[in-house]
Amino acid sequence: MLRFESDYTEGCIPQILERLQRINFEKNPGYGTDEICESAKMKIRKACNCPDAEIYFLVGGTQTNSTVLDGLLQKYEAVIAPKTGHIACHEAGAIEDSGHKVIELPEQNGKLLPETLQNYAQTFFGDVNNQHMPQPAAVYISLPTEYGTLYTAAELKEIRKICDTYNLKLFVDGARLGYGLAAQNNDITLEILSQNADAFYIGGTKVGALFGEAVVFPKPGSVPHFFTLIKQHGALLAKGWLLGVQFDELFTDDLYFKIAKNAVILADKMESAFINKGYKTFISSPTNQKFIILENSKMKELEKSVTFSFWEKYDENHTVVRFATSWATKEDDVNKLIELI
């Protein structure tokens, strides 16, 4: 069975397993206070060109989104997100469970456009009765989006400008950040993210790690007592060095970016094959997620040999499905898929 349903079907890069084996009997202090975590943080700060950034390691994406937003927001405050954003539709109400409303705004190809945000903010803050409403205090976007699309640097900076005008924090979900940074024609870097976001995270779970996400606060002190908040959310790993090791390896010799590039190259090859064989794409995605419109009969046929994700019904006879490559996808598997389509 060929598996293309997600980018977290494999374990981790071999370097991580080898390092874990080497240090298995070493004794380290807990909760991320060890030298390995500090080494990983230094490497990430260098990659971001942000020497003063505060960095914390958490285990998973939903946990990270919930903890960071709970730190950025007061009890009465809400977060703005595109309606297809992960926190809006794929996290089982985790943000609302922490007491913060998710204000869903229309999106275009998964993106919250600057003009949409501007119109909403202008209307809300111009309403004399807004004190009766949840107070928007943060904006959530993801890079890449749920549809594998990317914000441009100009769009990111425009969103930042709007956030500054209305005193909104900007948080960027980077669960698949590596694949966005590696995409052709992407013009956003870790440095640009650091210059424009109040907080973002570098996804490891989907980009080469066994598990783990690295939260970056470019400005120190952005969330006082964030360490304690992590603990309160049940998100503080006692054996914190297990997270540190993974990011220390991922950010050695640009490995994070190299393995992400491999996934994007193979995804592009796969998409080109679909198009050359007469299939239509649902949306243009430059990252590792490709959205293909399949005839239902062809979908049933492929399901016998290939796993992929249902995305949405296109019409009575067609379905939109997602094929995802990962850091570990082999070209041979892509070639086998191409033979089947």
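Just so it is clear, the values below take in all heavy atoms, side chains as well, and ignore hydrogens, waters and symmetry mates.
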Looking at every heavy atom in both [X] and [Y], which two are closest together, and how far apart are they?
X: Phe200; Y: Pro218; result: CE2-CG, 4.1 Å
X: Phe125; Y: Leu168; result: CZ-CD2, 4.3 Å
X: Trp327; Y: Asn262; result: O-ND2, 3.4 Å
X: Ala183; Y: Val264; result: CA-CG1, 4.1 Å
X: Lys43; Y: Phe251; result: CD-O, 3.6 Å
X: Leu250; Y: Val207; result: CD2-O, 3.7 Å

Test item: side-chain donor near acceptor, [X] and [Y], under 3.5 Å:
X: Asn335; Y: Lys269; answer: yes
X: Asp173; Y: His86; answer: no
X: Asn288; Y: Thr325; answer: no
X: Asp315; Y: His318; answer: yes
X: Glu10; Y: Ser326; answer: yes

Taking atom [atom1] of [X] and atom [atom2] of [Y], what is their separation to the nearest 0.5 Å?
X: Glu104; Y: Ile80; atom1: CD; atom2: CD1; value: 12.0 Å
X: Thr145; Y: Gln108; atom1: OG1; atom2: CD; value: 11.5 Å
X: Asp7; Y: Thr205; atom1: CG; atom2: OG1; value: 10.0 Å
X: Lys258; Y: Ile13; atom1: NZ; atom2: CD1; value: 11.0 Å
X: Thr189; Y: Gln195; atom1: OG1; atom2: CD; value: 7.0 Å
X: Gln289; Y: Ser309; atom1: CD; atom2: OG; value: 8.5 Å

Describe, in one word, how the ring planes of [X] and [Y] are oriented to each other, choosing from parallel (under 30°), tilted (30 to 60°) and perpendicular (over 60°).
X: Phe291; Y: Trp311; answer: perpendicular
X: Phe217; Y: Phe226; answer: perpendicular
X: Tyr279; Y: Phe274; answer: perpendicular

Pair [X] + [Y]: basic N to acidic O under 4.0 Å:
X: Asp268; Y: Lys290; result: yes
X: Arg160; Y: Asp198; result: yes
X: Lys298; Y: Glu301; result: yes

Counting only heavy atoms not in [X], do more than 12 sit closer than 6.0 Å to its [atom1] atom?
X: Tyr166; atom1: OH; answer: yes
X: Lys75; atom1: NZ; answer: no
X: Met133; atom1: CE; answer: yes
X: Tyr8; atom1: OH; answer: no
X: Asn24; atom1: CG; answer: yes
X: Gln184; atom1: CD; answer: no

[X] side-chain N/O to [Y] backbone N/O, donor-acceptor pair under 3.5 Å:
X: Tyr256; Y: Gly178; result: yes
X: Glu213; Y: Ala175; result: no
X: Thr329; Y: Ala263; result: no
X: Asp254; Y: Phe257; result: no
X: Arg3; Y: Thr307; result: no
X: Tyr179; Y: Lys206; result: yes
X: Asp333; Y: Lys330; result: no
X: Ser39; Y: Glu35; result: no
X: Lys169; Y: Ala199; result: no
X: Thr116; Y: Leu112; result: no

Centroid-to-centroid, Phe4 to Phe308, below 6.0 Å? no
Indicate if Tyr201 and Ile55 have the same hydrophobic cluster label, given that clusters are the connected sets of ILVMFWY residues with side-chain heavy-atom separations under 4.5 angstrom. no
